[in-house]
Amino acid sequence: MPPQFSVIITCHNQAIFIRDAVNSALAQSYKAREVIVVDDASTDGSVDILKAFGNSLHLVCAPKNIGANAARNLGASVAGGDYLVFLDGDDLLSPFALSTYKTAISATQAPILLSRLFFFEGSRPPETGETPRVITFVEYENLIQKDRTHRASASATVVNKATFQRVGGWTEGLFHLDDLDIMMKLGVSGRCVQMLSPATACYRVHPGNTVRHVSPFVPAMLSLIQKEKAGEYPGGSRFRFERYAFLGGPIFFWIKKCLRAHLYASARSLIMKGWLMALAAATRRFFGKLTRRVPTRTLQMPE
């Protein structure tokens, strides 16, 4: 049976973007899908825009602002698809996104898929052209063992619903670095496909992007470090090095961001709490250069 997708779009005061996000989901060439939009108590007219779509989508309105992760979990709770495709309200799906995901999942039966982002500015991304004929990807036994860089984002996350439920979904109350947290929670949940091409999720660059601000990410990174040290992420001692290395890369990234922003106390906190994980990441990268990476695979898209 081909996979059924539930596209879950979350929105909070994104009236200027949400119509594009919904249209990108409704315009998918792959039709075995439903579109769920969770409006997180918007006050800017987003709900009126969403209601105009009528029965073409399933609209869920949170009675109060519950946060992005709780909104995603709310959407997942009413989803009927085999796979959940998450999309932030200011991002878009390429027209061939679900067809690409279907081809990769049908070939691998992997419960987790990490898609590639395409970054754009302005009201719309450049035309993506014809549907790609070839998919290039890497398949790992577990997500935590991936050996290629990946730009984490909720909009780049596709996961089997049962697998998502087993790990408890998105961590509610955690806003920044929630995409890294869900990857850690899914780290040993089975095979993972990392898409290398084509890019299927369009990430909109605009002044409201949270990644533009450094200081809010420091407590979030410290929280993830503490979760790992407290044994909250799965895999036990067998995968401890992999988890340390997985977190170490982002720790090093945010240390550099703090130093460039002259947030020296924040950089010091990350170094003190996460130096061993940063060392694990550096060690893994060094030895990774000496060994062969998991080979890429290609698939032909169906006519």
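For the single chain, residues carry numbers from 1 onward in sequence order.
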Quick one: closest heavy-atom pair of I49 and A15, and the distance?
-> CD1-O, 3.5 Å
R297 versus T136: any side-chain heavy-atom pair under 4.5 Å?
-> no
What pair of heavy atoms forms the shortest contact from L84 to A79, and how long is it?
-> CD2-CB, 3.6 Å
Do side-chain atoms of R148 reach the backbone of V294 as a donor and acceptor pair under 3.5 angstrom?
-> yes
So do the side chains of F120 and L92 get within less than 4.5 Å of each other, counting heavy atoms only?
-> yes
Please check if atom CD in E141 has more than 12 non-hydrogen atoms from other residues, nucleotides or ligands closer than 6.0 Å.
-> no
Taking the side chain as every heavy atom from C-beta outward, state whether H150 and M183 have any pair of such atoms under 4.5 Å apart.
-> yes
Measure across S189 and P111 and return the closest heavy-atom pair with its distance rounded to 0.1 Å.
-> O-CG, 3.8 Å
Any idea which heavy atoms bring S115 and A201 closest together, and the distance?
-> OG-CB, 4.1 Å
What about the rings of F246 and F241, do their centers lie closer together than 6.0 Å?
-> no
What's the verdict on salt bridge (Lys or Arg N to Asp or Glu O under 4.0 Å) for R284 and D147, showing C-alpha distance, side-chain angles and the deciding distance?
-> CA-CA 9 Å; R284 184 175 183 179; D147 58 4; over 6 Å; no
Kindly work out whether a path of hydrophobic side-chain contacts (I/L/V/M/F/W/Y, heavy atoms less than 4.5 Å apart) joins I255 to L276.
-> yes
Is any side-chain heavy atom of H12 closer than 4.5 Å to a side-chain heavy atom of N65?
-> yes
So which heavy atom on G169 is nearest to which on I182, and how close?
-> O-CD1, 3.4 Å
Do F175 and N69 come close enough that some side-chain heavy atom pair is under 4.5 Å?
-> no
What is the distance from atom CH2 of W170 to atom CD of E172, rounded to the nearest 0.5 Å?
-> 12.0 Å
Hey, are the side chains of Y30 and P2 touching, using non-hydrogen atoms and a 4.5 Å cut-off?
-> yes
Can you list, pair by pair, the side-chain donor-acceptor contacts under 3.5 Å of residues 258-274, counting residues two or more places apart and other chains?
| unit_1 | atom_1 | unit_2 | atom_2 | d |
| --- | --- | --- | --- | --- |
| H262 | ND1 | Y264 | OH | 2.8 |
| S269 | OG | A265 | O | 3.2 |

Any Lys/Arg nitrogen of K64 or D40 sitting under 4.0 Å from an Asp/Glu carboxylate oxygen of the other?
-> no
May I ask you to decide if L98's main-chain N or O and Q28's side chain share a donor-acceptor pair within less than 3.5 Å?
-> yes
Residues L50, D39; criterion side chain to side chain contact (heavy atoms under 4.5 Å, CB included); working and verdict | CA-CA 9 Å; L50 293 168; D39 182 82; 4.1 Å; yes
Residues which pass side-chain contact (heavy atoms from CB on, under 4.5 Å) with F252, listed by chain and number, not counting sequence neighbours | K256
For the residue pair M195 and L113, establish whether any side-chain heavy-atom pair is separated by less than 4.5 Å.
-> yes
Shortest non-hydrogen pair, I36 vs G75, comes out as CD1-O, 3.8 Å
Between R204 and D20, is there a side-chain N and carboxylate O pair less than 4.0 Å apart?
-> yes
Is a donor on one side and an acceptor on the other found under 3.5 Å between the side chain of R133 and the backbone of M301?
-> yes
Residues L87, I8; criterion side chain to side chain contact (heavy atoms under 4.5 Å, CB included); working and verdict | CA-CA 6 Å; L87 183 68; I8 300 171; over 6 Å; no
Do the side chains of L177 and M221 get nearer than 4.5 Å, heavy atoms only?
-> yes
Scan residues 240-251 for pairs that pass side-chain hydrogen bond (donor to acceptor under 3.5 Å, both in side chains), counting only residues two or more places apart or in two chains.
-> E228-R243
Would you please say whether a donor-acceptor pair under 3.5 Å links the side chains of S99 and S29?
-> yes
Taking T108 for its side chain and A104 for its backbone only, find out whether a donor-acceptor pair lies under 3.5 Å.
-> yes
Indicate whether any N or O donor in one side chain lies under 3.5 Å from an N or O acceptor in the other, for Y203 and D88.
-> no
Verify same cluster id: Y83, I9 (apolar side-chain graph, 4.5 Å) | yes
Between the side chains of D181 and T171, does any donor sit under 3.5 Å from an acceptor?
-> yes
Exercise: do K161 and S6 side chains pair donor with acceptor under 3.5 Å | no
At what distance, to the nearest 0.5 angstrom, does CG of D44 lie from CD of Q14?
-> 8.5 Å
Is the F164 ring parallel, tilted or perpendicular to the F86 ring (thresholds 30°, 60°)?
-> tilted
